Amino acid sequence: AASTQASIDDVARRLVGNAEQQGGYRTVIVGEAPGMDVREEAADLAGALAASGRQIVLVDWSLDGEGFAPALGLDPSPGIMDLLEGRATFETVIRRLPEGDAHVVCCGHSETGGKLDPARVNLILDALDEAYDHIVVTGEHEAVRELFLAIEGRFDAGVLVADRRRTADDDGSFLGFQVTDIDVIRLDRGGAAQP
């Protein structure tokens with residue numbers, strides 16, 4: 001819908017403004033509740049950031065291999081899980097989104113059941129920080145929450161996709177954690193972005 005796209009454009013402008021000339025600006029986009037599918041908003045946000053002239057990578061964070069790649073016409077493997085577990089290289093996991101200039105890293109397949117090594121995750125994200133202006137990570141609520149915990153909240157911004165029909169408690173938390181150094185943006189489906 002046009003109003004949703006306008007909201008995504010507003011979020012993209014805000015993120016670009018926040019990042020200024022900083023490279024490796026990390027944003028996580030997730031549904032306010034488990035089970036919310038935010039792949040469309042994530043792909044639109046990556047596209048809007050790329051349209052601003054920034055180098056973007058969208059990371060499909062799915063521990064169970066059930067990410068958004070098939071919906072975009074992409075093979076989910078190899079992906080971030082293969083990279084984390086040493087079965088792939090950056091060259092084999094980074095692809096271009098079918099429409100636009102943004103890059104994507106699909107979820108891949110985990111042979112360890114998605115068990116995270118925080119040091120390895122940080123190493124991979126730090127490498128992406130060096131190569132891209134913006135890193136946008138998305139996935140199912142609980143998987144992203146586990147990532148957030150594993151890397152001790154090392155994100156610059158968090159976009160919480162909310163359904164206007166639901167009444168959410170606004171207790172100042174993000175993914176159940178109290179955060180202070182992260183720009184948290186609420187993106188209501190069919191509405192405007194809220195700080």
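All figures in this text were calculated on a predicted structure; none of them were measured in a lab.
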Q.
Distance check, rounded to the nearest 0.5 Å: R189 atom CZ versus E32 atom CD?
A. 9.0 Å
Q) Which value, rounded to the nearest 0.5 Å, describes the distance between C106 atom SG and I94 atom CD1? A) 11.0 Å
Q: Under the side chain to side chain contact (heavy atoms under 4.5 Å, CB included) rule, collect the residues that match up with A12, sequence neighbours excluded.
A: L45, A48, L49
Q) Which pairs with one or both residues in residues 85-109 pass ring pair (Phe, Tyr, Trp, His ring centres under 6.0 Å), sequence neighbours excluded? A) H103-Y132
Q: Sequence neighbours left out, what pairs pass ring pair (Phe, Tyr, Trp, His ring centres under 6.0 Å) with at least one residue falling in residues 48-79?
A: none
**Q.** Atom pair CD1 (I80) and CG (L125), whose distance is rounded to the nearest 0.5 Å
**A.** 6.5 Å
Q. Is there side-chain contact between S7 and R186, with at least one heavy-atom pair below 4.5 Å?
A. no
Q: Mind listing the closest non-hydrogen atom pair of V93 and A88 along with its distance?
A: CG1-CB, 3.7 Å
Q) In Å, rounded to the nearest 0.5 Å, how long is the span from CG of L83 to OG1 of T89? A) 7.5 Å
**Q.** Atom pair CE (M81) and CD (E111), whose distance is rounded to the nearest 0.5 Å
**A.** 12.5 Å
Q | Residues forming a side chain to side chain donor-acceptor pair (under 3.5 Å) with T112, sequence neighbours excluded | A | E85, S110
(Q) Is there a side-chain contact between R13 and V16 in this structure, where contact means two heavy atoms from C-beta onward sitting under 4.5 Å apart? (A) no
**Q.** side chain to side chain donor-acceptor pair (under 3.5 Å) against S77, all qualifying residues, sequence neighbours excluded
**A.** none
**Q.** For the student: nearest non-hydrogen atoms of P70 and G67, plus distance
**A.** CD-O, 3.7 Å
Q: Would you check if V38 and L187 make a side-chain contact, meaning some heavy-atom pair closer than 4.5 Å?
A: no
Q | Test item: L160 and V30 side chains (from C-beta on) under 4.5 Å apart, heavy atoms | A | yes
Atom pairs and distances, donor-acceptor, side-chain atoms in residues 145-157, under 3.5 Å, two or more places apart:
from, atom 1, to, atom 2, distance (Å)
R145, NE, L175, O, 2.9
R154, NH1, N122, OD1, 2.9
R154, NH2, D126, OD1, 2.9
D156, OD2, R26, N, 2.8

Q. So, for A46 and L97, which heavy atoms are closest and what is the spacing to 0.1 Å?
A. CB-CD1, 4.3 Å
(Q) List the residues meeting side chain to side chain donor-acceptor pair (under 3.5 Å) with D37, not counting sequence neighbours, and say none if there are none. (A) R39
(Q) Tell me which pairs pass salt bridge (charged side-chain N to carboxylate O under 4.0 Å, His left out) where either residue lies in residues 53-66, with sequence neighbours left out. (A) none
Q) Is any side-chain heavy atom of D183 less than 4.5 Å from a side-chain heavy atom of R14? A) yes
Q. Are the side chains of L84 and D117 in touch, meaning some heavy atoms are under 4.5 Å apart?
A. no
**Q.** For D82, all residues meeting salt bridge (Lys or Arg N to Asp or Glu O under 4.0 Å), sequence neighbours excluded
**A.** R87
Q. Would you say the side chain of V161 lies within less than 4.5 Å of the side chain of I29, judging by non-hydrogen atoms?
A. yes
Q.
Does any part of the side chain of L63, heavy atoms only, come nearer than 4.5 Å to the side chain of E142, both counted from C-beta?
A. no
Q | D129 CG to I124 CD1 distance, which is reported to the nearest 0.5 Å | A | 11.5 Å
Q) Taking only residues at least two apart or on different chains, which pairs with a member in residues 19-45 satisfy ring pair (Phe, Tyr, Trp, His ring centres under 6.0 Å)? A) Y25-H134
(Q) List the residues meeting side chain to side chain donor-acceptor pair (under 3.5 Å) with R120, not counting sequence neighbours, and say none if there are none. (A) none
